[in-house]
Number of protein chains: 2
Amino acid sequence: MGTAETSTERGRGGMSEHRRRRVRLEISREAARLFWQQGVDATSGDQIAAAVGLSTRTIWRHFRSKESCAEPIVTQSVAWEMSTLRSWPPHLSLEDHFAAEADRFGRESTALEQADTALGIRMIRLADSEPALRTAWLMACDQVEHEMAEIIATRLDGKPDDLDVRLHAAAASAALRVINEYIGAALLDGVDPREFSDAASLIANAVRRATGGAVGDPVEGADETGTDA
Amino acid sequence: MGTAETSTERGRGGMSEHRRRRVRLEISREAARLFWQQGVDATSGDQIAAAVGLSTRTIWRHFRSKESCAEPIVTQSVAWEMSTLRSWPPHLSLEDHFAAEADRFGRESTALEQADTALGIRMIRLADSEPALRTAWLMACDQVEHEMAEIIATRLDGKPDDLDVRLHAAAASAALRVINEYIGAALLDGVDPREFSDAASLIANAVRRATGGAVGDPVEGADETGTDA
DNA sequence: AATTAGGTGTCATTTAGTGACAGCGGCGCG
DNA sequence: CGCGCCGCTGTCACTAAATGACACCTAATT
């Protein structure tokens with residue numbers, strides 16, 4: 001694919017997807033901050049542009065609408081759950097893996113990452129009252145569902161567009177979405193985070209139940225040496 | 001609630017919600033037709049207004065955005081599934097009930113209703129390629145999820161905002177969504193509708209699996225006389 | 001150095017969406 | 001019956017979201 005992945009930044013148009021993601025996230029941060037501070041309707045494209053230091057035209061080149069500016073930061077807030085699913089070794093139960101990763105996240109995550117997560121939670125909360133943001137949240141979850149389909153497909157040795165895989169992915173990501181809404185709302189209401197120390201098993205059980213047990217338990221026939229990356 | 005539900009139409013502001021739904025559906029029909037014929041981007045608010053015979057201003061009074069004009073017709077296309085779920089007697093299995101209702105729908109439905117359903121299917125298909133319509137479809141499914149939460153809450157004797165009820169509703173409606181996308185796409189690809197004579201069991205099994213078996217089977221402790229309407 | 005391509009800025013333009021006000025039509029009430 | 005109230009719609013002016021066209025800059029390729 002790429003002609004060269006030398007070292008610094010983009011290699012003649014190849015690396016630019018990575019760069020694009022960063023710019024979009026940057027915009028999304030400022031947009032989310034403004035949305036939270038003043039509401040979506042009270043925030044203009046010009047304001048977002050000024051806040052991030054770009055021209056308004058460039059904002060519209062990166063996002064097709066004002067509301068969709070919120071998507072990356074919201075996707076980001078569930079990104080670790082996704083990457084956790086991706087790195088899920090076959091011989092572990094979902095709760096064990098999630099618990100370990102959650103712990104690692106608590107220790108290793110950047111302040112920036114945590115701020116992003118907080119911002120994402122606020123956006124999800126805001127989606128309750130602002131229909132425009134609800135669309136953004138649902139679109140982000142739609143993305144998650146597609147990723148989930150790939151993950152489940154590889155884990156169950158099927159194809160991402162098999163009906164069963166799609167059903168599993170849809171149900172699992174819907175469950176994940178509800179839990180995110182639930183925990184996020186609670187956290188914003190001032191509930192002690194340690195209240196959710198069982199989040200791992202909560203998620204695991206929800207996913208397991210939503211997929212009829214197809215996803216959640218250690219995969220048989222997989223030894224500890226790890227067949228997959 | 002209503003001051004008077006005499007006979008004809010609206011009773012001094014009370015009946016107007018019903019009327020509002022009809023107008024919205026009317027607009028949605030024309031919008032969907034135009035979206036399908038020329039694409040979403042190529043369709044302007046003015047065109048929709050002209051097609052339905054209202055002023056553009058009135059369109060924006062009924063819908064907050066162009067894309068959301070598609071929501072009613074799309075919601076309509078899953079409306080019978082919802083009403084079927086609502087009328088689901090406790091002592092029946094989901095497949096039996098669905099099969100019976102589907103049969104009844106095939107016999108009793110109006111030509112207009114069938115046209116609406118076809119239009120809805122087209123919108124769902126269009127949502128694959130048009131992000132703007134995908135948001136509308138997802139928002140419609142979000143509505144379905146809320147209805148589903150109420151249905152499940154009553155059936156399981158819980159409250160609609162219980163975490164478990166929400167999880168069940170989310171997973172079940174997500175499954176329903178995927179099946180709708182799947183069957184709709186197949187039908188538009190020219191697959192013989194009789195190919196999906198097992199749709200009832202397909203849906204029932206998907207819902208049952210998505211809810212961990214909590215929804216789908218006859219409810220115990222409910223005799224055939226029927227406790228609920 | 002010349003080339004190429006993607007990202008960005010600027011300006012003009014279109015179109016989605018809102019505010020304000022006036023007219024119509026039904027309905028309750030004197 | 002006539003009067004005023006209320007909700008729905010149309011008209012017009014306006015704001016803001018979004019796109020097109022074009023030029024410039026930067027950086028990697030050759």
Side-chain angles (χ1 to χ4, degrees), chain A residues 1-27 31 34-35 38-71 130-133 135-136, chain B residues 2-27 30-31 34-35 38-71 130-133 135-136:
Chain A
M1 294 293 178
T3 47
E5 72 285 356
T6 49
S7 60
T8 51
E9 281 277 313
R10 58 178 186 180
R12 182 66 167 236
M15 202 58 168
S16 55
E17 284 183 32
H18 180 254
R19 170 146 191 80
R20 187 178 175 80
R21 288 174 57 92
R22 289 185 64 97
V23 174
R24 283 172 56 92
L25 185 58
E26 192 97 1
I27 296 172
L34 289 167
F35 287 164
Q38 354 169 319
V40 179
D41 292 349
T43 304
S44 71
D46 287 351
Q47 269 183 79
I48 298 174
V52 71
L54 288 173
S55 87
T56 309
R57 184 64 182 90
T58 301
I59 303 296
W60 302 136
R61 264 194 269 263
H62 284 280
F63 294 96
R64 42 180 309 291
S65 71
K66 191 172 63 170
E67 315 88 68
S68 63
C69 290
E71 284 176 29
E130 301 254 17
L133 271 193
T135 63
Chain B
T3 46
E5 70 285 357
T6 48
S7 59
T8 51
E9 282 279 313
R10 56 178 189 186
R12 183 68 168 216
M15 204 57 168
S16 55
E17 283 183 32
H18 179 254
R19 169 143 195 82
R20 187 177 175 80
R21 287 174 58 91
R22 289 185 62 96
V23 175
R24 283 172 57 92
L25 186 57
E26 193 97 1
I27 296 172
E30 294 303 319
L34 289 168
F35 286 166
Q38 357 169 313
V40 179
D41 293 349
T43 304
S44 71
D46 288 352
Q47 272 182 76
I48 298 174
V52 71
L54 288 173
S55 86
T56 309
R57 184 66 183 88
T58 302
I59 301 296
W60 302 136
R61 262 192 269 264
H62 284 280
F63 293 97
R64 40 182 300 291
S65 71
K66 192 172 62 169
E67 317 87 70
S68 63
C69 289
E71 282 176 30
E130 301 255 19
L133 271 193
T135 62

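Letters A, B, ... mirror the listed sequences (proteins, then strands); counts begin at 1.
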For [X], what residues pass the side chain to side chain contact (heavy atoms under 4.5 Å, CB included) criterion, not counting sequence neighbours?
X	answer
B:A51	B:E30, B:R33, B:L34
A:R57	A:S55, A:W60, A:R61
B:S65	B:E67, B:S68

Looking at B:A31, is its backbone amide N or carbonyl O close enough to the side chain of B:K66 to form a donor-acceptor pair, meaning the two atoms are under 3.5 Å apart?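 Such a contact is absent between B:K66 side chain and B:A31 backbone.
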Determine whether a donor-acceptor pair (N or O, by modelled atom type, separation under 3.5 Å) exists between the side chain of B:T58 and the backbone of B:L54. no
Do any of residues 58-67 of chain B sit with a heavy atom less than 4.0 Å from DNA chain D, and if so which? B:T58, B:R61, B:H62
Using side-chain hydrogen bond (donor to acceptor under 3.5 Å, both in side chains) as the criterion, list what pairs up with [X], not counting sequence neighbours.
X	answer
B:Q47	B:Q38
A:E130	none
B:S44	none

Rounded to whole Å, please give me the gap between [atom1] in [X] and [atom2] in [N].
X	N	atom1	atom2	answer
B:Q38	C:dT15	CD	P	13 Å
A:R57	D:dG20	CZ	C1'	7 Å
B:R19	D:dG7	CZ	C1'	11 Å
B:L54	C:dC24	CG	C1'	15 Å

Among residues 40-53 of chain A, which residues get a heavy atom nearer than 4.0 Å to DNA chain C?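 Within this stretch, nothing sits under 4.0 Å of the strand.
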